[in-house]
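Structure, as structure tokens:
Sequential numbering from 1 along the given sequence is applied to the chain's residues.
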Amino acid sequence: MLSCAIFEDLRVKAADFAQFDKNAATISENIHESWNLQKSFETNFVNLLKKWKLMEAEDTRYLRVLIETRNQAAHASGINISKEEVDRLIDEGMERFLSKKLLWGIQGVEELVLKMKAVDMFPATNPYGFDATAFDALERLLPRYHFQALDTMVERIETGGALFFRNATTFLRVIADRHEPERRPHLFRVLLSKRSLPANSAWVIGILAANPAILLGDDKKLEDHTDASLAAIIDALSPSDEARLDELEIAVRWMLKNLKREQLARYNATLLAAARKIWDRPSWILNAKKQEVRATFQHTLFMDTSEPEGAERFANAVCDRWEEGYEELLVKALEPRSAFVLLRDLFNGAQAGQKRCSALAKSKWAAMPFLRTKAEHFLEKYPGRAEDLLANGEEFGISAEDFHEKYLSLPPGYRLNDDDHVADEARHQPQGNGNVAFLARKRYA
């Protein structure tokens, strides 16, 4: 009975798939011819499956054992079939065949491609959901052909036509969104290297955060393509998408810690795009002095803070997000002139009405003691250059002497603490990092 059930199941599946695959059609015709002549078709069926490699070796082995066991049980062979052996065959038959659709190889891949060119597989009114549609199509193939199907989609995504492009892009995105570990590295490198993903494929950042070592490789050309694709995707990230930006920071921190100089150079566009998004986060601050990325970080920092909104973003980051010691790390990476320019831009932000910048300026930069000190040293040593930088900064206009007196200098021996010169707006904003309290333990001349 088990043998009849399994081979009948295979006969029906072959007939159903005959319209899509010529080999399935040949097998189906062969079975029906034998059936009409009341001949046994099972052995010939298994031979054809093996010849065309339409079934895994273990599955064909099981079918041969099943045929042999059935013959031994049906005839006076003198061989006893134990209950345990029958139970094993039933369980295995259910697992391998009766509970599954018939799986196909390269023919199935080609038929899937043809279908994707002719039919909208993912209409807006899809009643089953995109996940179900994609995985149902993939599960019709033998497991060893899954990657070949994905590779084929990527290879033809630019030449298969508009409908194929839409189907393939959706299909690949659904598969990658599942974050299956065995497919993640493959999909990441293949999809990005082929530049087949639109810039809004933010899910790629999640894959990268989960396994940043995917970036390692020996193919320089592949890494160049990956760099360009990643940079485009990062550029398209929304500044308000905190979850994705958190994932991006995880990936960047790993890159800065683990990649060698030549590897970082290959991902220059990626790092530049990341810097524009998260330059105010610890992943950059902790590596501000690192030679390989120092120029990228500082260029992005000064480009952003030159505008009042960027200066306010920096001020908020220092007061709300940075931990004790981060400001000191940043300032150590800056030349005295750069420190003065950054403080000037924060001052310009205050003059433009940015709330946090205004509070910090009134407090004489209480939350930024190292920046204030380094900027003051530059002004004292190079007053003429400081005057020029203030004049070039904005139209608000303030002399170097007045700037020093109002916003930098502290009385000799003065101990700055949380109650002195710290404006209410700055003191009552969420801190979380102890920067202002930290000042109470330091003395500035």
Those residues at least two apart in sequence (or on a different chain) that pass side chain to side chain contact (heavy atoms under 4.5 Å, CB included) with L272 are R276, T296, T300
Sequence neighbours excluded, the answer for side-chain hydrogen bond (donor to acceptor under 3.5 Å, both in side chains) partners of D241 is none
The ring-ring contact (aromatic ring centres under 6.0 Å, His included) partners of F378 (sequence neighbours excluded) come to F340, Y382
Sorted by chain and number, sequence neighbours left out, side-chain hydrogen bond (donor to acceptor under 3.5 Å, both in side chains) with R337 holds for none
Applying ring-ring contact (aromatic ring centres under 6.0 Å, His included) to F130 and not counting sequence neighbours gives F122
Sorted by chain and residue number, the side-chain hydrogen bond (donor to acceptor under 3.5 Å, both in side chains) partners of E309 (sequence neighbours excluded) come out as none
Residue set satisfying side chain to side chain contact (heavy atoms under 4.5 Å, CB included) with H299, at least two apart, ordered chain then number -> M303
side-chain hydrogen bond (donor to acceptor under 3.5 Å, both in side chains) filter on T305, not counting sequence neighbours, yields none
Taken in chain and number order and not counting sequence neighbours, the residues that satisfy salt bridge (Lys or Arg N to Asp or Glu O under 4.0 Å) with E247 are R244
K381 meets the side chain to side chain contact (heavy atoms under 4.5 Å, CB included) criterion, sequence neighbours left out, with none
Sorted by chain and number, sequence neighbours left out, side chain to side chain contact (heavy atoms under 4.5 Å, CB included) with P123 holds for D120, T125, N126
By salt bridge (Lys or Arg N to Asp or Glu O under 4.0 Å), D402 pairs with (sequence neighbours left out) none
